[in-house]
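Letters A, B, ... are given to chains in the order of the sequence lines, protein chains preceding strands, and every chain is numbered from 1. The basis for the numbers below is simple: all heavy atoms, side chains too, and nothing from hydrogens, waters or symmetry mates.
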There are 2 protein chains.
Amino acid sequence: MATMKDISKKANVSLSTVSAVINQSAYVSPELTKRVTDAIKELNYRPNAVARSLKKKSTETIGVIVTDILNPFYPPMIKGIEDVAFDHNFNVILCNTSNEHNRISTYLELMLEKQVDGLLLANIATSADLNEIEKTGLKYVLINRKPPFYDKNFVGINNTLSSELAVNHLVRQGYKRIAFFGGDLKINTARERRSGFISCMMEHGLDVDPKLVFEGEYSLDSGYNNVKKMLMEVEQLPEAICTVSDVVAFGVIKGLRDAGIRVPDDIAVMGNDNSAFSEHFLVPLSSVDHSSYEMGKLSMELLLQVIKEKEAMADRQIILTPSLVVRESCGVNRNT
Amino acid sequence: MATMKDISKKANVSLSTVSAVINQSAYVSPELTKRVTDAIKELNYRPNAVARSLKKKSTETIGVIVTDILNPFYPPMIKGIEDVAFDHNFNVILCNTSNEHNRISTYLELMLEKQVDGLLLANIATSADLNEIEKTGLKYVLINRKPPFYDKNFVGINNTLSSELAVNHLVRQGYKRIAFFGGDLKINTARERRSGFISCMMEHGLDVDPKLVFEGEYSLDSGYNNVKKMLMEVEQLPEAICTVSDVVAFGVIKGLRDAGIRVPDDIAVMGNDNSAFSEHFLVPLSSVDHSSYEMGKLSMELLLQVIKEKEAMADRQIILTPSLVVRESCGVNRNT
DNA sequence: ATGAAAGCGCTAACAT
DNA sequence: ATGTTAGCGCTTTCAT
């Protein structure tokens, strides 16, 4: 690989002149400019970003940490991040923890050593984890999940509202006895969606049967297993099931079908997330769209701002508004 | 951020001693070792990988270029890559071209400048593209797709066999008039799957109606649109449709349903890829598994070998064997 | 066993 | 307008 030194020799100019034409950081006479650009072409020169980074203390690289790229919620988010990174000549180092929580620390160390300009994190839900991030001193923005009392840079959605949209739809369809299949209450999104469900039910004057409110995880298995549990423990089944996420709804529908219960004929099922292919699921899933692509995009744009500002800028929390997506899993309006 | 210099001062030793204890590259007396490690802890020192990379000419970073992370075929592959990278303290820069072919060149330049140690490419199907890669001089291995006559490092699957497995299954189910919904014939996987289909049909003594062999793309829309086309142009519909990929099958099933045709009752549909959630699709899709996670894993392992060998090692082509996955979309055996 | 010093490829302050 | 030079943080010969 040719270096700037090679160019300067070939073009018979100084190093700083080469640097000046490459970075257009100072006026260079057309004469010398041509000699330099010619040499660059001839030697097929490419600047060495590592050397530049060492000098400039910036790598134009960011780290993205997610829990599980296999969860269909994340690919659009990652695509959103990558798209804006690409537009700004930034690169994205993908860190996929595969739900192994202790991988986070290792990734953080690696990112620190690699001198990334910033971090995008989609799986920080506890103060302990946040603390680890803060200790790195890196610039960062949190996506989707956040610890209690967190008031710094963040891009997420209105989770309470997402449940409300879901419940409203179910109520409009005429369902009254509605179950909630939730997630891990250590995660704010799970807490907020759960409380949105409960408060919205109350708002409608509907009872929430505690036996019909389940905790779980953001996984298909969780939905499946909770259905089994419900079938065992609950005497009177619900008319509808409101879930914390599409993958959970997938598991719920699978569990229901395995038990010979038809969706939506016997029980309606509502998703939340609007994952890819939910439209084409066993029974096309009604859901609430969270535009995770948009979240990715906005978080990267925010991070770029944070990186580029010289003095610390005021923190921002961007909360997107979810929207209802009606398909078939909650049947047609029973009131009309 | 503390540097090695800070450590050497604090511990009152030379730079090379600090380096020696960090890299365990030379014997250092217990006495000095302790002083150094203490200083490292006290100053919370982290080695600067950028500086190290500049000196060592290796970044422990690789670039991964894929066409579209939204295609469910890729996340498992990326996860496989990332998992073995993680085990070797390598980082993965994700390059998602979003099917914009001209993004490839830009990514290649960026990867060159960033001095990645190697490249994993899942979308190189033409000699022209391969040429671009070769010009970078970077080490690389191709995944899944490859240009004609390519005989270098590669990890893929036996595409011909994947079609044969599909056809065999359909024939076993009693179908005789079988259509093929293919992909872009510029891509070897599409060509091989198509020719596997045709030869296997012949093997069974079955006619291939040219009007029932479609070209297309690896996308849902392609399957959907080709169904429309078929419905318009073909007088006698097929009993079964063999597709080049699950996403195409998704589109096919959607198109069929929209036209009031039931799957598998009226027409059977066979996937190929076994994407995530195919199991939970509108009608659970019978498919052929390609273990894209395994492909990712093996390709990264191969790349690491290539990177670590001093002298050029013999090229390797790893061809995985696909396996049939029977679900519901091709009905039950009509012969029994 | 430890230290001094050169140099990886670049940028930027300074000198001319 | 162009060139000289120091230095980013590290590794690695070469002395001692």
Contact pattern, 5' to 3', of nucleotides 8-16 of chain C - B, S or - by protein heavy atom under 4.0 Å
BBBBB----

Name all residues meeting the side-chain hydrogen bond (donor to acceptor under 3.5 Å, both in side chains) criterion together with A/Lys10; count only those two or more places apart in sequence or in a different chain, and write none if there are none.
A/Glu42

Angle of first-five versus last-five pair axes in the helix from C/dA1-D/dT16 to C/dT16-D/dA1, to 10 degrees:
50°

Evaluate the side-chain hydrogen bond (donor to acceptor under 3.5 Å, both in side chains) criterion for residues B/Thr67 and B/Tyr218: first the C-alpha distance (whole Å), next the side-chain angles of each, then the deciding distance (0.1 Å), finally the verdict.
CA-CA 11 Å; B/Thr67 43; B/Tyr218 284 114; over 6 Å; no

Any heavy-atom pair between the side chains of B/Ser299 and B/Ile81 that's under 4.5 Å?
yes

Restricting to nitrogen or oxygen on both sides, can you table the protein-nucleotides 14-16 of chain D pairs closer than 3.5 Å?
none

Salt-bridged, B/Glu100 to B/Arg103, with N to O below 4.0 Å?
yes

Go through the structure and list residues passing side-chain hydrogen bond (donor to acceptor under 3.5 Å, both in side chains) with A/Asp38, not counting sequence neighbours.
A/Lys34

With side chain to side chain donor-acceptor pair (under 3.5 Å) as the rule and sequence neighbours excluded, what pairs involving residues 136-150 of chain A come up?
A/Glu134-A/Tyr140

Carboxylate-amine/guanidinium contact B/Glu82 B/Lys79, below 4.0 Å:
no

Once you measure the plane-to-plane angle for A/Tyr107 and B/Phe86, does it fall in the parallel (<30°), tilted (30-60°) or perpendicular (>60°) bin?
tilted

Six-ring centre of B/Phe154, B/Arg316 cation under 6.0 angstrom, axis tolerance 45°:
no

Looking at A/Ser29, does any N or O in its side chain come under 4.0 Å of the phosphate oxygens OP1/OP2 on D/dA1?
no

